[in-house]
A.B. asks: 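Have a look at this one.
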Amino acid sequence: MKRMYCREIRESYVQEAEVAGWIHDIRNLGGIAFILLRDRTGILQLTLLKKPNKELFKHLTTLTRESVIRTKGKVQRSEKVMNGFEILPESAEVLSVAAVPLPLGVADKVESELDTRLDNRFLDLRKKEVRKIFYLRSLLLKSVRRTLENEEFIETHTPKIVAAATEGGTELFPFRYFEREAYLNQSPQLYKQILMSTGFDRVYEIGPAFRAEGHDTVRHLNEFTSIDIEMAFSNHHDVMDLLERVIVEGYETVRKEAPELMEGMNIPENVEAFPRITYTEALDIAKKKGLRIEWGEDLSMEALRLIAGESPDLYFITDWPDAIKPFYAMPGEDDRTCRSFDLMYREKEVTSGAQRVHDYELLKKRIADRGLDIEDFGFYLNAFKYGMPPHAGWGLGAERWVMTVAGLENIREAVLFPRDMHRLVP
RNA sequence: GCCCCGGUAGUGUAGUGGCCUAUCAUCCUGGCCUGUCGAGCCAGGGACUCGAGUUCAAAUCUCGGCCGGGGCGCCA
């Protein structure tokens with residue numbers, strides 16, 4: 001007999017079935033007992049009577065919660081059960097006995113702290129609402145791939161072991177690579193740009209990025225998943241348009257393909273384009289609200305909160321001061337801004353991107369101007385010497401996006417096994 | 001990197017010098033119960049982060065270690 005899922009039992013009118021899963025809860029009333037069996041599709045009730053089979057009754061009702069069993073029996077339709085169906089087990093096999101006490105309650109009525117949950121993530125993930133975050137994440141990524149593939153992007157994989165810093169600034173994790181020192185890559189930036197000189201024209205990569213920053217906040221991780229794209233023969237507005245399509249399509253996908261995930265999620269309706277305000281305009285909003293801030297300064301959390309108060313949930317801040325953005329951002333018409341943008345969700349930065357510098361001499365100059373060593377960037381600069389088209393791109397933080405959609409307070413909840421300053425296991 | 005805060009049963013908490021033999025819920029163990037669905041009832045079990053100090057007396061005050069949380073900066 002083929003094992004069926006709990007949900008299938010409800011949906012198909014079979015007379016007899018075999019199910020398997022974890023014991024969610026046991027309610028023993030003496031002569032009758034109810035065992036709630038959980039699998040990835042939901043919970044199904046097993047109903048046991050003591051009279052006909054005393055031994056099976058005792059065997060199953062004395063098991064510990066979260067033990068794994070497989071059982072076979074008659075399917076009974078009953079209005080007394082929440083889901084309308086129950087199974088009357090005729091035989092059962094205990095596949096794995098769970099030890100007691102559990103370090104974290106799965107069916108308990110008390111919430112655990114995030115740290116306890118992460119320490120026991122395998123148990124934490126047995127909870128439906130926790131797994132829901134990862135079904136959402138998976139679906140959003142699937143949607144991103146589909147949107148990009150439809151627009152003729154190809155999926156690429158660039159090295160995570162690298163020789164030098166991508167952009168300066170953020171700190172890298174060094175390690176020993178044979179006889180030399182190497183680093184974990186902080187971003188596919190330089191490699192995806194190199195690919196623009198090849199004629200692929202449109203590339204994307206969904207992969208890990210590593211940053212050794214000693215920050216300790218609810219929106220930072222030392223290992224995160226970056227959704228990166230780079231597109232040749234395009235400018236910053238072209239890739240902002242693309243980003244809008246990617247995000248909106250993500251929402252549509254959830255709405256259409258997984259309505260069961262919608263509850264409690266922040267999925268805006270009827271959104272097509274996100275407003276694009278310039279850094280200068282954003283700064284004016286903050287100033288008008290009484291914040292003392294000078295043109296050229298980065299927008300502080302306080303400033304961003306003020307700006308978010310005057311904006312819809314999703315909006316772009318464009319044309320940033322050149323001095324506070326990386327060397328590869330294309331300077332604007334004036335000589336103080338650059339063609340870079342951030343996509344904001346309220347006060348949170350979700351994506352940053354730009355049109356890039358594609359002129360070899362200008363790029364060289366900009367690297368040097370930022371005090372970086374030209375020698376370190378030789379492998380990158382080479383690709384600009386022999387025919388490099390104009391191009392633009394962005395990096396969307398997968399966890400940041402999931403966080404905004406699922407309404408998570410802490411980015412760690414958007415990762416199965418998060419890495420932060422204090423956490424290296426599990 | 002800077003600044004604030006916390007650590008009490010498996011989980012989550014109450015307790016601000018003596019009323020603590022430490023509260024409550026959940027949990028675990030045993031018992032009763034043939035329709036539970038946050039099952040109920042009865043009995044039992046289980047904890048003050050570590051070290052030093054102050055004091056007649058420390059979960060409670062002081063110092064240090066360890067572990068953790070939050071904010072800012074920076075970023076995705």
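Order of the sequence lines sets the chain letters (A, B, ...), proteins ahead of strands, with each chain counted from 1.
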A.B. asks: Nearest to the side chain of A:T217, heavy atoms from C-beta on, is which of B:C75, B:G73, B:G68?
C.D. replies: B:G73
A.B. asks: Looking just at side-chain N and O atoms, do A:E349 and A:T351 make a donor-acceptor pair shorter than 3.5 Å?
C.D. replies: no
A.B. asks: Heavy-atom nearest nucleotide on RNA chain B for A:S112 versus A:T64: which residue maps closer to 5'?
C.D. replies: A:S112
A.B. asks: Strictly by ring pair (Phe, Tyr, Trp, His ring centres under 6.0 Å), give each pair with a member in residues 276-298 of chain A just once, sequence neighbours left out.
C.D. replies: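 Listed once each, the pairs are A:Y279-A:W295, A:Y279-A:W320.
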A.B. asks: Over how many whole Å does the gap from A:K58 atom NZ to B:C33 atom P extend?
C.D. replies: 14 Å
A.B. asks: Measuring centre to centre across the rings, with the benzene-like ring taken for any Trp, is A:F379 within less than 6.0 Å of A:Y191?
C.D. replies: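 Yes, the ring of A:F379 comes within the 6.0 Å limit of the ring of A:Y191, centre to centre.
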A.B. asks: For A:R292, enumerate each residue passing the side-chain contact (heavy atoms from CB on, under 4.5 Å) test, keeping only those at least two apart in sequence or located in another chain.
C.D. replies: none
A.B. asks: Determine whether the side chains of A:E249 and A:T147 contain a donor N or O and an acceptor N or O closer than 3.5 Å.
C.D. replies: no
A.B. asks: Round to the nearest Å and state the distance from A:E113 atom CD to B:G6 atom P.
C.D. replies: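 Roughly 14 Å, once rounded to whole Å.
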A.B. asks: Which nucleotide sits closest to the side chain of A:R211: B:A76, B:G70, B:C72?
C.D. replies: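 Minimum distance to the A:R211 side chain belongs to B:A76.
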A.B. asks: According to the Watson-Crick and G-U wobble definition with distances under 3.5 Å, which dot-bracket string, read 5' to 3', encodes RNA chain B, using [ ] for crossing pairs and | for pairs with another strand?
C.D. replies: (((((((..(((.....[.....)))((((((.......))))))...(((((..]....))))))))))))....
A.B. asks: Could you pull out all residues at least two apart from A:T61 that satisfy side-chain hydrogen bond (donor to acceptor under 3.5 Å, both in side chains)?
C.D. replies: none
A.B. asks: Listed in order of residue number, which residues of residues 289-302 of chain A have a non-hydrogen atom at under 4.0 Å from RNA chain B?
C.D. replies: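 Those residues whose heavy atoms fall under 4.0 Å from RNA chain B, taken from residues 289-302 of chain A in numerical order, are A:D298, A:S300, A:M301.
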A.B. asks: Separation of A:K348 atom NZ from B:G71 atom P, in whole Å?
C.D. replies: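 Distance check: A:K348 NZ to B:G71 P gives 11 Å.
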A.B. asks: Rounded to whole angstroms, how far apart are NZ on A:K51 and P on B:C33?
C.D. replies: 14 Å
A.B. asks: If the plane angle is over 60° it's perpendicular, under 30° parallel, otherwise tilted; pick one for A:F327 and A:Y380.
C.D. replies: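 Ring orientation of A:F327 relative to A:Y380: perpendicular.
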A.B. asks: Could you give the CG-to-C1' distance, from A:L221 to B:C74, as a whole number of Å?
C.D. replies: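 My rounded result for the distance is 14 Å.
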A.B. asks: Would you tell me whether A:Q193 and A:H391 have side-chain atoms, one donor and one acceptor, within less than 3.5 Å of each other?
C.D. replies: yes
A.B. asks: Testing the 3.5 Å rule here: is there a donor-acceptor pair between the side chains of A:H237 and A:R276?
C.D. replies: yes
A.B. asks: Under the side-chain hydrogen bond (donor to acceptor under 3.5 Å, both in side chains) test, which residues partner A:E399, sequence neighbours left out?
C.D. replies: A:R137, A:T225
A.B. asks: With a 4.0 Å heavy-atom cut-off, tell me which residues in residues 236-249 of chain A come close to RNA chain B, sorted by residue number.
C.D. replies: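 Listed by number, there are none.
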A.B. asks: Any donor-acceptor pair under 3.5 Å linking the side-chain atoms of A:T41 with those of A:E8?
C.D. replies: no
A.B. asks: Does A:N28 get its side chain close enough to the base of B:G40, under 3.5 Å, for a donor-acceptor pair?
C.D. replies: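 By the distance-only test, no, there is no pair.
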A.B. asks: In this structure, how many angstroms lie between the P atom of B:G10 and the CD atom of A:E66, rounded?
C.D. replies: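 My rounded result for the distance is 19 Å.
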A.B. asks: For A:T253 and A:R146, which I'm curious about, is there any donor-acceptor pair between the side chains at under 3.5 Å?
C.D. replies: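 Judged by distance alone, the side chains do pair up.
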A.B. asks: By the 4.0 Å heavy-atom rule, please label A:N120 as base, sugar-phosphate, or nothing.
C.D. replies: nothing
A.B. asks: Which residues within residues 71-87 of chain A lie with some heavy atom under 4.0 Å of an atom in RNA chain B?
C.D. replies: A:S78, A:K80, A:V81, A:M82, A:E86
A.B. asks: Assign A:S226 to base, sugar-phosphate, or nothing according to its heavy-atom contacts below 4.0 angstrom with the strands shown.
C.D. replies: nothing
A.B. asks: Name the residue closer to the 5' end of RNA chain B, choosing between A:M421 and A:G395 according to the nucleotide with the nearest heavy atom.
C.D. replies: A:M421
A.B. asks: At under 4.0 Å between heavy atoms, what does A:D108 touch on the DNA or RNA strands: base, sugar-phosphate, or nothing?
C.D. replies: base
A.B. asks: Which ones in residues 278-285 of chain A lie close to RNA chain B, meaning a heavy atom under 4.0 Å from one of its atoms?
C.D. replies: none
A.B. asks: List in numerical order all residues of residues 30-49 of chain A for which some heavy atom is under 4.0 Å away from an atom belonging to RNA chain B.
C.D. replies: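 Residues of residues 30-49 of chain A that come under 4.0 Å of RNA chain B are, in numerical order, A:G30, A:G31, A:I32, A:F34, A:Q45, A:L49.
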A.B. asks: Classify the side-chain pair A:T116/A:D119 by whether it contains a donor and acceptor separated by less than 3.5 Å.
C.D. replies: no
A.B. asks: Nearest whole Å is fine: how far is B:G6 C1' from A:H422 NE2?
C.D. replies: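 Computing the A:H422:NE2 to B:G6:C1' distance gives 13 Å.
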A.B. asks: Hydrogens and angles aside, do A:E181 and A:Y183 bring a side-chain donor and acceptor to less than 3.5 Å of each other?
C.D. replies: yes
A.B. asks: Which listed nucleotide (B:G70, B:C72, B:C28) is nearest to the side chain of A:R412?
C.D. replies: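 Taking heavy atoms from C-beta onward, the closest nucleotide is B:G70.
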A.B. asks: Please round to the nearest 0.5 Å and tell me the distance separating atom CG of A:D25 and atom CG of A:L37.
C.D. replies: 12.0 Å
A.B. asks: Can you run down the salt bridge (Lys or Arg N to Asp or Glu O under 4.0 Å) pairs that involve residues 300-316 of chain A, sequence neighbours left out, and say none if there aren't any?
C.D. replies: A:K289-A:E310, A:D313-A:R346
A.B. asks: Tell me, with the steps shown, if A:F210 and A:F173 meet ring-ring contact (aromatic ring centres under 6.0 Å, His included).
C.D. replies: CA-CA 7 Å; A:F210 306 91; A:F173 288 108; 7.1 Å; no
A.B. asks: Find the distance A:W401:CH2 to B:C75:P and express it as a whole number of Å.
C.D. replies: 23 Å
A.B. asks: Return the set of residues passing side-chain hydrogen bond (donor to acceptor under 3.5 Å, both in side chains) with A:H59 (not counting sequence neighbours), or none when no residue passes.
C.D. replies: none
A.B. asks: Using a 3.5 Å distance criterion without hydrogens, assess whether the side chain of A:D342 forms a donor-acceptor pair with backbone atoms of A:M344.
C.D. replies: no
A.B. asks: If you measure only the distance, is there a donor-acceptor pair under 3.5 Å linking the side chains of A:R339 and A:H236?
C.D. replies: no
A.B. asks: Any N or O donor-acceptor pair under 3.5 Å from the base of B:C28 to the side chain of A:R65?
C.D. replies: no
